[in-house]
Amino acid sequence: MGLSNEILLDMYWTMLLARRTDERAWVLHRQGKIAFHISGIGQEAAQVGAAFALQRGQDWISPYYRDLALMLAVGLTPLEFMLSVMGKKGEPSSGARQMPSHWGLRRANVLSHSAPVATQTLHASGLGLAIKLKGDKHVVLTTIGEGSTSQGEWYEAVNWAAIHKLPVIFMVENNSYAISVPQDKQMAVPSAADKACGLGLPGISVDGTDIVAVYSAMQIAVERARSGEGATVIEARAYRLTPHSSDDDDRAYRSREEVETYKKSDPIPLTQRLLLSKKIATQAQLDEMEKRAQTEIEQAVADATAAPYPSPEEALHPVYAEEVTHA
Amino acid sequence: MPEMTLIDAIRQGMDEELAHDPNVFIVGEDVGVRGGVFRATRGLFDKYGPQRVMDSPLAEASIIGVGIGAALYGMRPICEIQFADFIHPAFNQIINEAAKMCYRSNGDWTVPMVIRAPYGGGIGGGLYHSQSLEAFFTHTPGLKVVVPSNPADAKGLLKSAVRDPNPVLFFEPKKGYRLIKGEVPEGEYLVPIGKADVSREGTDVSVFAYGMMLYYTLQAAQKLAAEDISVEVVDLRTLYPVDRESILTSVRKTGKALVVYEDNLTGGYGAEIAAIIAEQAFTDLDAPVRRLAGPDVPAVPFSHPLQDWFMLNPDKIAAAIRDLASY
Ligand SMILES: Cc1ncc(C[n+]2csc(CCOP(=O)(O)OP(=O)(O)O)c2C)c(N)n1
Ligand SMILES: [Mg+2]
C-alpha cells in the first residue's frame, strides 16, 4: 500500500490542522466575528485519505463545501481559510465574492464550485473527458454529500464517466444526513456505492473514519483511472458531528445520545490511537503537533483579522474573461 | 462570393474552427453519424472523427456541464442543444456555472464555450419545438448572447464565438436554416460579437430586430418603400452585451422606434431595447417606442391557423411600421 510512517504522520497532521482550524471557525462564529461557517468535522479521514492517494498538484479536484481537510491537503493555508470566513481581500478562491467553503484553488488544480449541489460532478466528467482527449494521465477526484447524489446531475456525471471510461473518482462523503434528512429518505439502497452498479462501474463502500481504509480504496480507484480502466464510485461512511452549518440547530431532528454515540468514531482520536498503537508516534509528538497547529491557527486568525476588506469597486469585475487583469 | 443557406454557413464556420484549433470539439445529441437532426454537423463526423464530433447521452445538463469541465481544462467545446426548447434541463449549468465561473473565481477560471441552439416557430413544431428563449439568458451577466439573421453573419459570428474566452449562447433561427440564403465572403473572416449592423438605411422609422424577425422586417421594409415609407432596419446580432450606441444613433436619426421580437411580449428582450431608448433618447423621439412581439400565451400552438395567429410575419410587421410612421 506504500504508506510509510512519515506519510501517515503527515496525513494525521493535515487532519489535525483541519480539525483545529474548523473548531476555531466555530469559536469565531460564536464570538460574532464571522457570519457563517460550514464544517467538515467528522469527515477529515475521508478527505485526507482521498487527497493523499492523488498526485497532489498534478491531479484535478472538483470538491464540495465540507472539504476543508482536503483543501489543506492540497496546499490551502489556514490563513487563506481565515481570510475567506472573514470575507477579506486576498482570499484565493473567489476574491471574497463567494461564501466561505466554496472552494477553488487554481494553483492546485482545484476547480471553483458553486452552491447548488452536484453541479461540480459534471465538471469533473468534463475534465476527465478533456484529459482523455488530450491523452494526459491525470485523474480527477470529485466529492459530494450522500443526499446530493439524489440530483440528476450526479447520475448524468457518473453515467458519462462510465460510458467513456473517464479517469474520474466520484467520492460520496456519506455523513448520514442532508441537513435534517437521513439517508433512507434519499435512497432505497443501503449504500450510495450501490448506485454505481446500475450505471456500469464499480462502487466501493469504506469506513470513512478509517484513514487507511479510505486511502486503500482510493489507491484502487486511482490506479483504475490512470490505467484507462475508467471511473469508480467510492462511498466513505462517516457522521456529521456538527450541525449542518452555523445557521442550523440539529436538536430539532436528532438526539444528543445519537451524536454522543458517533463521537466514539471520531476520526481524530481513532487516528491518534492508530499512530500510538503502531508506535508511529509518541504521545509527546502528538502533543507537539497540537501546539504547532494552535500556533499556526492563532497566527492565521491574527493575520486575517488585520487584513483589509476588498474595496467596493472590486465587485464590478471580472464578469468576462477580457476583464481579468492577472495572468 | 458564393451564395449559401444559413445552415451551410454555420456548418462551414464549425468546419473551419475544427480545422483551425485542435481544442475545438462538437458535442450534442445526434451530432455524430447523423450529422444533427437539422444536419448542421453533416459530414463533420466523417472528416474529424468521433472524438471531435461527439454524440452525448440524452441529457442536456450533462452536455453543458461536461462542456464546462472540458473548457476548464483548455478545450473549446461547441455544445449543441437539439432544440432551444430542451435547454431548460441545462439552465442551472448555464446560469449558475458557466455564466458565473469567471466572476466567482475572481478570474482564475474562465469558460470558453459555445452553446448552439435552434430556436423559433413557424415550422409546425408546436409548444416544444418553437420557443424563443433569449430573454432568460440576456438577463445574465457573464454570458454573451448572439442571434444571426443571415449566412455571412452566422458564419463570422460563430467563428468569433468559438474563439471567444467566454460562454456564448448562439441561437439559430431554425425556420431560416434553408430559407435564408445569402452571399458569404470567401476565405477567413470574423464578425465581431457586440456590434449591431444597419441592414437597411432609412429615415422615417427605425426597426430593431434579430434572427428570423430581422429577415421578415427587411421584407416589410422593401414593401413599404413602395409606399414611400423609408425604414431603417437595425440587426442587433448580439443581444448581450448589447450595442447601445448603434441603437441610439439610429433612433436619433429617425425619431421613431419599433422593436420586433418573436418571443412573448411581456418581459421579452425587446422590452430592454425599448427601455434603453426611453431612457437615453427620449428627447429625440417623435412617437412612443413601440413593441411588436408574440402574444402572451405559453408557447406557439401546433395547428396551422393557431400557429399563424401566434407568429409575426412581414405583413404584420409592415402594418406596425405603417402605423408608427403615421403617428
Ligand atoms: C440544488 C440545491 N438545493 C438545495 C440546497 C441547500 N442545501 C445545501 S446543503 C444541503 C444538504 C446536502 O446534504 P448532503 O448532500 O448529504 O451533504 P452534506 O451537507 O451532508 O455533507 C442542502 C439541502 C443546495 N445547496 N443546492
Ligand atoms: Mg450528508
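Chain naming here is simple, since letters A, B, ... match the order of the sequence lines and numbering starts at 1 in each. Because the structure is a prediction, the values reported are computed rather than measured.
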Using non-hydrogen atoms and a 4.5 Å limit, figure out which bit of B:I64 sits close to chain A: side chain, backbone, both or neither.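 Neither part; nothing is under 4.5 Å.
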Contact part of B:S62 toward chain A, heavy-atom cut-off under 4.5 Å: side chain, backbone, both or neither? both
Main-chain N/O of A:A315 paired with B:Y103 side-chain donor or acceptor, under 3.5 Å: yes
State, without any angle test, whether A:H113 and B:E97 hold a side-chain donor-acceptor pair at a distance under 3.5 Å. no
Checking [X] against chain B: side chain, backbone, both or neither under 4.5 Å from a heavy atom?
{"X": "A:V110", "value": "backbone"}
{"X": "A:L127", "value": "both"}
{"X": "A:S114", "value": "both"}

Atom [atom1] of [X]: over 12 foreign heavy atoms under 6.0 Å:
{"X": "B:F136", "atom1": "CZ", "value": "no"}
{"X": "B:Y128", "atom1": "OH", "value": "no"}
{"X": "A:K134", "atom1": "NZ", "value": "yes"}

To the closest 0.5 Å, what do you measure between [atom1] ([X]) and [atom2] ([Y])?
{"X": "B:Y73", "Y": "A:I131", "atom1": "OH", "atom2": "CD1", "result": "4.5 Å"}
{"X": "A:M99", "Y": "B:R104", "atom1": "CE", "atom2": "CZ", "result": "14.5 Å"}
{"X": "A:H102", "Y": "B:S105", "atom1": "NE2", "atom2": "OG", "result": "13.5 Å"}
{"X": "B:D108", "Y": "A:L111", "atom1": "CG", "atom2": "CG", "result": "11.5 Å"}
{"X": "B:M75", "Y": "A:L129", "atom1": "CE", "atom2": "CG", "result": "7.0 Å"}

I'd like to know whether A:S112 forms a side-chain hydrogen bond (donor to acceptor under 3.5 Å, both in side chains) with B:W109, so could you lay out the CA-CA distance, the side-chain angles of the two residues, the decisive distance to 0.1 Å, and finally the verdict. CA-CA 7 Å; A:S112 155; B:W109 298 102; 5.7 Å; no
Between B:V27, B:L143, B:D164, B:N96, who has the most heavy-atom pairs with chain A when the cutoff is under 4.5 Å? B:L143
Between B:I68, B:N92, B:L72, B:N166, who has the most heavy-atom pairs with chain A when the cutoff is under 4.5 Å?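 Top count of heavy-atom pairs under 4.5 Å with chain A: B:N166.
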The test is side-chain contact (heavy atoms from CB on, under 4.5 Å); show your working for B:V66 and A:E156 and say whether it passes. CA-CA 9 Å; B:V66 166; A:E156 292 186 22; over 6 Å; no
Tested for side chain to side chain donor-acceptor pair (under 3.5 Å) against B:N106, the lone hit among A:R106, A:Q98, A:H317, A:R97 is A:R97
Would B:K144 count as a cation-pi partner of A:Y320, with NZ or CZ less than 6.0 Å from the six-membered ring centre and within 45° of the ring normal? yes
